[in-house]
Number of protein chains: 2
Amino acid sequence: MNLDYDGARMNQAWQLLYDLMLAQRARMPAIAAELELSPMQIQLLRLIEPDRPVPMGKAACGLGCDASNITGIVDRLEARGLIERRPADRDRRVKVLVITRDGARVREAILRRLAEPPEPIARLSPEDQRTLAEILGRALARPA
Amino acid sequence: MNLDYDGARMNQAWQLLYDLMLAQRARMPAIAAELELSPMQIQLLRLIEPDRPVPMGKAACGLGCDASNITGIVDRLEARGLIERRPADRDRRVKVLVITRDGARVREAILRRLAEPPEPIARLSPEDQRTLAEILGRALARPA
DNA sequence: TATTGTTATACTCTATAACTATA
DNA sequence: TATAGTTATAGAGTATAACAATA
């Protein structure tokens with residue numbers, strides 16, 4: 001696709017990354033469907049490590065959605081027995097999310113599935129993969 | 001976040017890319033809000049170049065959604081005068097989407113906004129950016 | 001018969017605002 | 001008062017199935 005505008009051009013590395021991201025984004029609904037979960041449910045399960053309770057506020061932040069949304073997402077996962085709400089010890093306003101044994105199994109499947117690199121990346125030579133990891137490591141090393 | 005599972009490890013380049021994608025994905029709703037459009041509406045406008053009619057079926061394919069969804073997305077953009085439906089010449093079942101003059105202006109703003117690389121990429125040295133573009137170019141060159 | 005786009009339906013995600021129970 | 005989570009509401013995206021017009 002032509003992404004020119006007014007004669008200027010998108011930073012080339014960024015444009016390629018953007019294309020890759022679009023391709024990957026298209027993969028997500030399919031992965032979600034395989035696991036019989038929605039993309040947001042997958043994202044949330046990914047966030048909750050076993051024996052690492054996550055306050056709902058943190059979960060909303062991690063999913064980049066409003067606090068009012070997390071309620072429904074948690075409702076649906078809890079209804080399926082994959083996570084549980086528990087009152088926090090010190091602050092009784094807070095509820096923490098804990099992954100159940102069933103949830104942990106589903107989470108393993110999610111991580112396993114997401115760990116598969118998409119075709120374009122998997123195809124790269126070992127050298128290119130190493131260089132890519134180095135550069136991206138530098139890019140992400142210094143949090144803005 | 002720890003993405004280990006069963007002792008194995010996500011391909012490192014892919015893991016970094018994935019993190020970068022999550023960060024970028026979080027940027028989208030904000031960009032959409034700026035332009036007073038939804039993410040899908042932005043995606044569709046991006047797809048329709050001026051004087052390049054796009055059949056609705058192609059649009060659905062480009063957006064990676066079902067044919068039944070494109071109807072509503074087009075409805076909302078058409079209601080705002082940004083695109084138009086027109087019957088196709090040869091096959092009267094087909095409708096093509098054309099961007100209006102107003103739509104083209106909004107599209108320019110979208111492309112301009114999306115062209116800004118996210119912080120982590122923008123910070124990279126020119127050499128790293130060049131190398132990154134080379135590697136990603138190789139990755140995407142050979143369509144699977 | 002097959003295909004394109006639409007409609008009807010049902011569910012998920014989304015933000016805003018008002019509410020509750022705590023702090 | 002301020003904060004964490006909930007509820008109510010309204011809008012947008014999602015897939016499935018049934019449908020009309022056309023091929």
Side-chain angles (χ1 to χ4, degrees), chain A residues 22 25-48 53-80 82-98, chain B residues 22 25-48 53-80 82-98:
Chain A
L22 285 184
R25 206 195 47 154
R27 235 176 46 148
M28 256 315 257
I31 295 177
E34 270 175 38
L35 300 163
E36 298 184 288
L37 294 165
S38 76
M40 278 295 120
Q41 286 167 355
I42 284 188
Q43 189 87 358
L44 180 51
L45 281 180
R46 214 179 76 97
L47 210 63
I48 309 175
V54 176
M56 292 195 58
K58 287 277 183 192
C61 191
L63 264 57
C65 67
D66 192 84
S68 62
N69 300 336
I70 207 69
T71 299
I73 297 170
V74 166
D75 281 349
R76 290 180 277 274
L77 284 177
E78 196 173 30
R80 288 176 57 172
L82 302 180
I83 63 176
E84 279 177 19
R85 263 181 259 238
R86 290 197 197 146
D89 295 336
R90 23 185 177 172
D91 188 335
R92 282 187 300 172
R93 290 173 304 179
V94 176
K95 291 175 190 167
V96 295
L97 303 176
V98 183
Chain B
L22 286 184
R25 207 194 47 154
R27 235 176 47 147
M28 257 314 259
I31 295 177
E34 272 175 36
L35 299 164
E36 298 184 286
L37 293 164
S38 76
M40 277 294 122
Q41 286 167 357
I42 283 188
Q43 190 86 357
L44 180 51
L45 280 180
R46 214 179 75 97
L47 209 64
I48 309 175
V54 176
M56 294 195 56
K58 286 278 182 190
C61 192
L63 264 57
C65 68
D66 192 86
S68 62
N69 299 336
I70 208 68
T71 300
I73 298 171
V74 166
D75 282 348
R76 291 180 276 274
L77 284 178
E78 196 173 29
R80 289 176 56 173
L82 301 180
I83 63 175
E84 280 177 19
R85 263 181 259 238
R86 291 197 196 146
D89 295 336
R90 24 185 175 173
D91 188 337
R92 281 186 302 173
R93 289 173 304 179
V94 176
K95 291 174 191 167
V96 295
L97 304 176
V98 182

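The structure presented is a predicted model; accordingly, all values stated were derived computationally and were not measured. Throughout, a chain's letter reflects where its sequence line sits, starting with A, and its residues are numbered from 1.
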- Item | side-chain contact (heavy atoms from CB on, under 4.5 Å) evaluation trace for B:Gln43 with B:Leu47 | CA-CA 6 Å; B:Gln43 190 86 357; B:Leu47 209 64; over 6 Å; no
- Can you list the steps and then say if A:Leu22 with B:Arg46 is a side-chain contact (heavy atoms from CB on, under 4.5 Å)? CA-CA 13 Å; A:Leu22 285 184; B:Arg46 214 179 75 97; 3.3 Å; yes
- Task: Show your working on side-chain contact (heavy atoms from CB on, under 4.5 Å) between B:Ile83 and B:Leu45 and close with a plain yes or no.
- Result: CA-CA 8 Å; B:Ile83 63 175; B:Leu45 280 180; 3.7 Å; yes
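Taking atom CZ on B:Arg76 and atom C1' on D:dG13, their separation rounds to 7 Å, with Å as the unit. Atom-to-atom, CD1 of B:Ile42 to C1' of D:dA12 comes out at 14 Å; the value is rounded to the nearest Å. When rounded to the nearest whole Å, the span between CD of B:Gln41 and P of D:dG11 equals 14 Å. One can place CG of A:Asp66 at 11 Å from C1' of D:dG5, the figure rounded to the nearest angstrom. D:dA12 atom C1' lies 14 Å from atom CG of B:Leu44, rounded to whole Å. Counting to the nearest Å, the P atom of D:dA15 and the CD1 atom of B:Ile70 are 11 Å from each other.
Within residues 25-37 of chain A, no residue has a heavy atom under 4.0 Å from DNA chain D.
In this structure, the side chains of A:Val74 and A:Met56 come closer than 4.5 Å at one or more pairs of heavy atoms. With contacts defined as side-chain heavy-atom distances shorter than 4.5 Å, the pair A:Val96/A:Val54 does not qualify.
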- Item | Per-nucleotide pairing state of DNA chain C [Watson-Crick or G-U, under 3.5 Å; [ ] pseudoknot-crossing; | other strand] | |||||||||||||||||||||||
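Between B:Pro29 and B:Ala26, the shortest heavy-atom contact is CD-O, 3.4 Å. Minimum interatomic distance between B:Leu97 and B:Ala59 (heavy atoms only, all atoms of both residues): CD1-CB, 4.0 Å.
For the OP1/OP2 pair of D:dT6 and a distance below 4.0 Å, the side-chain nitrogens and oxygens of A:Lys95 include at least one atom meeting the criterion. Applying the 4.0 Å criterion to OP1 and OP2 of D:dG13, one finds that B:Ser38 has a side-chain N or O inside that range.
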Which pairs would a plain distance check flag for residues 61-72 of chain B, meaning a side-chain donor or acceptor within less than 3.5 Å of a matching protein atom at least two apart in sequence or in another chain?
| unit_1 | atom_1 | unit_2 | atom_2 | d |
| --- | --- | --- | --- | --- |
| B:Asp66 | OD2 | B:Ser68 | N | 2.9 |
| B:Asp66 | OD2 | B:Ser68 | OG | 2.8 |

Report all side-chain donor-acceptor pairs from residues 35-42 of chain B shorter than 3.5 Å, counting only partners two or more places apart or in another chain.
| unit_1 | atom_1 | unit_2 | atom_2 | d |
| --- | --- | --- | --- | --- |
| B:Ser38 | OG | B:Gln41 | N | 3.2 |
| B:Gln41 | OE1 | B:Ser38 | N | 3.0 |

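The backbone N or O of B:Glu78 lies less than 3.5 Å from no partner atom in the side chain of B:Glu84, so there is not a single donor-acceptor pair.
In 5' to 3' order, the nucleotides of DNA chain C bounding all contacts with chain A (an atom under 4.0 Å from a heavy atom) are C:dT12 to C:dA23.
In terms of position along DNA chain D, the nucleotide closest to A:Pro55 lies nearer the 5' end than the nucleotide closest to the other residue of the pair A:Pro55 and B:Met40. Annotation: of the two residues near DNA chain C, A:Cys65 and B:Val74, the 5′-most nearest-nucleotide partner is B:Val74.
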Might you list the N or O atoms of the protein lying below 3.5 Å from N or O atoms in nucleotides 18-22 of chain D, with each pair's distance?
none

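In the set D:dA15, D:dG5, D:dT7, D:dG5 carries the atom at the smallest distance from any side-chain atom of A:Val94.
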